[in-house]
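When reading the values below, keep in mind they use all heavy atoms of this one structure, side chains included, and skip hydrogens, waters and symmetry mates. First the proteins, then the strands, lettered A, B, ... as listed; each starts at 1.
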Protein chains: 2
Amino acid sequence: MSLDEIAKRANVSRATVSRVLNNYPHVRPHIRDRVLQAVQETGYIPNAVARSLVTKRTNMIGLLLPQDARETFADPFFAILIPSIAEACTVHQRYLMLSMVTLNQEEGFYQSVLRGGHLDGVIVGVSMFDDPILPQLIQDGLPLVLLGRHPYYPQAHWVNIDNLQAASQAVSYLAAQGRQRIALVSLPASLVAGADRRDGYKRALLQAGLPIDQRLIIETNGSYQAGQAAMSQLLQLDQPPDAVFAANDPLALGVLHELQNAGLRAPDDVAVVGFDDQPSAAYASPPLTTVHQPINDLGFKTVELLLEAIDGQFSAPQHRILPTTLVRRASA
Amino acid sequence: MSLDEIAKRANVSRATVSRVLNNYPHVRPHIRDRVLQAVQETGYIPNAVARSLVTKRTNMIGLLLPQDARETFADPFFAILIPSIAEACTVHQRYLMLSMVTLNQEEGFYQSVLRGGHLDGVIVGVSMFDDPILPQLIQDGLPLVLLGRHPYYPQAHWVNIDNLQAASQAVSYLAAQGRQRIALVSLPASLVAGADRRDGYKRALLQAGLPIDQRLIIETNGSYQAGQAAMSQLLQLDQPPDAVFAANDPLALGVLHELQNAGLRAPDDVAVVGFDDQPSAAYASPPLTTVHQPINDLGFKTVELLLEAIDGQFSAPQHRILPTTLVRRASA
DNA sequence: CTGAAAGCGCTAACAC
DNA sequence: GTGTTAGCGCTTTCAG
């Protein structure tokens, strides 16, 4: 069923039907009612595709996830982020297209997704410094916002937390308790957030007058198991750490678990601080002290920034930084 | 840039350009080359919206997730399922629209998503028996496949595992070891999968000649914490269980954890079997014996069934059941 | 305030 | 084999 069936039924022109459907103000009430009634009776829904063809708007935004998205999904961070983006889209009456296309697979498909006119704009979950998809994306000129800052593309909009500052705060907290040998169980340095958190760790140590000991820094892939392995390795040191800053919560939980296996206690023997404040952090034993990031807000703000970028034109790149807080529980 | 710029450049008609773009067989090689070259030079990408308007195909499929989708996302089952669906879409050159629209929010938006012509078909992650969105969806007549069987809608296509049989197998395994008091830590009975697994548990007990003891059946929301709480409750019974069948892995992991807290050992004191075989199951302590479901295949098969439903016409509803296996590790 | 007409970018008969 | 011609279902000038 199409617009002009409604027009016939209501005995008006197609243009008029279009006007009432789009809430055009100056339509006489009784004729507007006639149209509305016809719509009601027939259950007519306008064809979004036809509309898009003329308006050049699809009301659809893309969410592009990094190459390693499959592992990514297992990370509770994304388990919260994605639904919040989806919800933000619904709230703002937009559709969400999820894509994990990478340059590897189907170059042509990637192009058609991005440049086929299907998307009003895209959110890119950046993570790696050298993500090969970013240069293309930025060149394409589609409205774009990065989820996570990226040092190489200052011209792009992004929303992020201040990873460096947050990590630094966590480590300073440990140092202020008199911890002398604070280890870092880190994310891959190839991730921007990984590098930022590592730098925050280092900055805090230096500010506290503590030495940076490479043996206390263990780079991991960010998983629970990697946390266990890292702690196990740290425990074999001649001088094991008396505190651990884990760059995310799964890591911290793994560290805690390994500590328990070794018959050690947190925070008595080793204090541990995590990063994320995922829901289960509060239920760990002991409950995890961790950096809370407002993942939900991150999702909403990102969508909203993109929508502004799509219709308002920013003259300068927008960089929004959301606040984090250190949540003190029992583990440190 | 549009199709007829290419036509002018290559000095052919728009129809011809369209033909080479759509791999129409009978185009003379040299003229095809001329077109291709023009495309190459200009970086032209066809407008998907315009194409859709005439073909009535958008190459986009929808993934509708249940009302409680936010918790859903935290479940590792979905953390694997969603990426696999996304990947299947990419492999089949389709776009994926993710939606968590429910009847509550924005009835009109929901309608426009489904009936606006944006989607060639939808996958619905059913879970609840009484999900209010299903009746509407089925009435809409959009090609549809349910992810998980639903007893009230036999006319719908679905793909699923045999939850009843799989649960029954797990419990029989416990019974065959001589376990006498096998507890069930279950999913909500309002979920189809929850009810099916519970029924499988009961069937296995009856077949093993074991009584059904309501005190040994604890219904939960399926989370890790709920698993802990359930085990704790079971331990307070006059006659605690000597085995537990947990209806998913987070639950089983919680059970294991609580056992450890109570100073008990699996499988010596209490055997435990989970369901899902999520990646971390193998790393639990002790490694978890659990029902493996082929989540990845589930995602792929679902997409493929939908694509068949979209263009092939099935005369009868298709019900695909994927095999599960009991993975024996150390916990039982 | 409303209608007529053009056209968004593409595909698909239908001729030649 | 290739070009011509209609639309797909909507919005949007432009008249009136």
Inset, instruction - Would you check if B:His150 and B:Val192 make a side-chain contact, meaning some heavy-atom pair closer than 4.5 Å? - result: yes
Legend entry - From B:Gln40, B:Glu41, B:Arg34, residue fulfilling side chain to side chain donor-acceptor pair (under 3.5 Å) relative to B:Gln37: B:Glu41
Inset, instruction - Report the relative orientation of the aromatic rings in A:His118 and B:Tyr95; use parallel for angles under 30°, tilted for 30 to 60°, perpendicular for over 60°. - result: perpendicular
Legend entry - Test applied, side-chain contact (heavy atoms from CB on, under 4.5 Å); reference residue, A:Val303; option that passes from A:Ile123, A:Val91, A:Leu96, A:Val159: A:Ile123
Legend entry - Value in whole Å for how far the P atom of C:dA12 lies from CZ of B:Arg57: 11 Å
Legend entry - Bending between helix ends of the helix from C:dC1-D:dG16 to C:dC16-D:dG1 [5 pairs per end, 10° resolution]: 40°
Inset, instruction - Take B:Leu65 and B:Leu63 through the side-chain contact (heavy atoms from CB on, under 4.5 Å) test and state the conclusion after the steps. - result: CA-CA 6 Å; B:Leu65 259 16; B:Leu63 174 58; 4.0 Å; yes
Inset, instruction - In whole angstrom, give the distance that lies between atom CD of B:Glu5 and atom P of C:dG9. - result: 9 Å
Inset, instruction - Hey, can you tell me if A:His319 and A:Trp158 have their rings parallel, tilted or perpendicular (30° and 60° cut-offs)? - result: parallel
Inset, instruction - Identify the two heavy atoms, one from A:Ile321 and one from A:Ile161, that lie closest to each other, and give their separation to 0.1 Å. - result: CG2-C, 4.0 Å
Inset, instruction - Sugar-phosphate means primed atoms, P, OP1 and OP2; the rest is base. With that split, encode nucleotides 2-10 of chain D 5' to 3' as B, S or - using protein heavy atoms under 4.0 Å. - result: BBB-BBBBB
Legend entry - Nearest-0.5 Å distance that lies between atom OH in A:Tyr44 and atom CG in A:Leu3: 4.0 Å
